[in-house]
**Student:** 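Right, I'll just put the structure down here and ask away after.
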Amino acid sequence: MAKIVVALGGNALGKSPEEQLQLVKHTATSLVGLVAAGHKVVISHGNGPQVGAINLGMNYAAEHGQTAAFPFPECGAMSQGYIGYHLQQSLQNELHQRGIVKDVASVVTQVEVDESDAAFQHPTKPVGAFYSKEDADRIVAEKGYTFVEDAVRGYRQVVPSPQPKSIIELKSINDLIENDNLVIAGGGGGVPVVKTPAGLKGVPAVIDKDRSSALLAANIAAEQLIILTAVDAVYVNYGKPDEDVLRELTATDAKRYIDEGQFAPGSMLPKIEACLEFVASGSNRTALITSLDRLDDALAGKVGTLIK
Ligand SMILES: Nc1ncnc2c1ncn2[C@@H]1O[C@H](COP(=O)(O)OP(=O)(O)O)[C@@H](O)[C@H]1O
Ligand SMILES: NC(=O)OP(=O)(O)O
């Protein structure tokens with residue numbers, strides 16, 4: 001029996017509420033399988049596409065005089081509620097179907113960042129939809145947003161992504177875990193906040209959920225961090241004719257591949273770095289990267305990349 005943090009990728013959660021609910025329902029089967037096997041499971045999730053969509057919608061409504069402007073941290077909090085709702089419902093239904101009595105709760109989570117983090121001057125976190133180069137250029141000219149090419153999928157808006165320092169609701173999360181709840185926490189990497197003389201204050205950014213999940217996993221003394229994304233494993237020469245799967249990765253090999261530029265910044269690189277950080281944070285800690293729909297196969301050692 002182990003304590004496991006499972007992080008679900010925002011990009012792997014589909015493009016609409018309907019798609020997301022279907023994908024989450026499917027993943028809930030494997031997650032409840034872990035619970036049924038006696039593991040203590042804590043779930044975190046990304047929010048890149050979702051917070052981008054919420055922000056676009058709120059901006060549109062505000063520009064058309066329909067609502068007040070909604071700052072980015074509030075959009076992040078909304079994304080935690082939206083994704084947490086789908087997760088809670090799917091997990092509750094699956095638990096009920098299997099006759100397992102367990103409560104499920106999402107914790108709206110704030111994560112402390114440093115106001116002077118250099119990331120605020122260099123936006124790197126892709127959010128929202130993927131655009132063609134022409135559409136991205138038009139939006140940059142109209143709104144002044146920053147866009148980058150994201151992996152092999154198109155152009156995407158980027159926002160600052162500061163390092164997570166501490167999890168504000170850590171004690172509540174630990175209490176819920178110890179009281180045998182199935183906990184969802186650190187959604188979207190947590191709502192980024194800074195400590196000011198007047199108290200906590202939200203800041204416009206998106207923390208990388210893989211880094212926050214690694215911090216959460218280390219803080220709750222988990223044995224394993226599982227990152228579920230859109231690819232079944234990590235590859236070298238990804239997307240090229242000679243791509244090759246990495247089934248096991250040591251810290252030494254991972255660092256060599258990082259130096260070779262094998263992992264795209266803003267997508268696979270933060271996952272690898274988060275896994276390395278978690279594995280180094282204690283003894284007997286491993287990390288696993290696979291896709292949302294292959295978790296069972298990955299746990300059986302058939303697919304995925306194990307980092308140790
Ligand atoms: N070396 C690599 N191996 C596998 N996938 C990679 C690699 N480099 C970049 N990627 C891309 O990283 C994506 C996962 O990152 P991302 O979409 O940001 O994850 P999520 O939103 O699920 O957390 C994959 O779907 C793939 O397109
Ligand atoms: N916040 C975050 O890391 O989201 P994604 O998983 O969607 O990139």
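Counting starts at 1 for both ligands and their atoms, following the listed order. Any value given below was found using the heavy atoms of this structure, including those in side chains, with hydrogens, waters and symmetry copies removed.
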**Student:** Quick check on Glu243 - does any of its heavy atoms sit under 4.0 Å from an atom of ligand 1?
**Tutor:** no
**Student:** Evaluating non-hydrogen atoms only, which member of Val236, Leu246, Asp210, Asn11 is closest to atom 21 (O) of ligand 1?
**Tutor:** Asn11
**Student:** Where does His45 meet ligand 2, judged by heavy-atom distances below 4.0 Å: at the side chain, the backbone, both, or neither?
**Tutor:** neither
**Student:** Short list, please: which atoms of ligand 2 are under 4.0 Å from a heavy atom of Gly188?
**Tutor:** 1 (N)
**Student:** Indicate whether any N or O donor in one side chain lies under 3.5 Å from an N or O acceptor in the other, for Thr252 and Arg256.
**Tutor:** no
**Student:** Where is the nearest protein heavy atom to atom 7 (O) of ligand 2: which residue, which atom, and how far?
**Tutor:** Gly48 N, 2.8 Å
**Student:** With sequence neighbours excluded, what pairs up with Tyr257 under the ring-ring contact (aromatic ring centres under 6.0 Å, His included) test?
**Tutor:** none
**Student:** May I ask you to identify the nearest protein heavy atom to atom 8 (O) of ligand 2, giving residue, atom name and distance to one decimal place in Å?
**Tutor:** Lys125 NZ, 2.8 Å
**Student:** Is the shortest distance from a heavy atom of Gly10 to ligand 1 less than 4.0 Å?
**Tutor:** yes
**Student:** Determine, considering heavy atoms only, which of Ser267, Ala230, Pro270 sits nearest to atom 25 (O) of ligand 1.
**Tutor:** Ala230
**Student:** Answer yes or no: does atom CG of Asn93 have more than 12 heavy-atom neighbours from other residues, nucleotides or ligands under 6.0 Å?
**Tutor:** yes
**Student:** Would you kindly check if the NZ (Lys) or CZ (Arg) of Arg153 is within the cone defined by 45 degrees around the ring axis of Phe130 and under 6.0 Å from the six-membered ring centre?
**Tutor:** no
**Student:** Given Tyr131 and Phe147, is the ring pair (Phe, Tyr, Trp, His ring centres under 6.0 Å) satisfied, shown in steps?
**Tutor:** CA-CA 9 Å; Tyr131 294 89; Phe147 273 77; 5.6 Å; yes
**Student:** Mind checking ring-ring contact (aromatic ring centres under 6.0 Å, His included) for Tyr60 and listing every partner two or more places apart, or none if nothing turns up?
**Tutor:** His64
**Student:** Below 3.5 Å, N or O to N or O, backbone or side chain included: is there any such pair between Leu8 and ligand 2?
**Tutor:** no
**Student:** Below 4.0 Å, non-hydrogen atoms only: which portion of Lys271 touches ligand 1? Side chain, backbone, both or neither.
**Tutor:** side chain
**Student:** Can you pull out the closest protein heavy atom to atom 1 (N) of ligand 2? Residue, atom name and distance to 0.1 Å, please.
**Tutor:** Asn47 OD1, 3.0 Å
**Student:** Would you say Ala233 contacts ligand 1, with heavy atoms under 4.0 Å as the rule?
**Tutor:** yes
**Student:** Does any N or O of ligand 2 fall below 3.5 Å from an N or O anywhere on Gly10, backbone included?
**Tutor:** yes
**Student:** Are any side-chain N or O atoms of Glu169 and backbone N or O atoms of Gln110, one a donor and one an acceptor, separated by less than 3.5 Å?
**Tutor:** yes
**Student:** Would you mind telling me if ligand 2 is within reach of the side chain of Asp210, the backbone, both or neither, using heavy atoms under 4.0 Å?
**Tutor:** neither
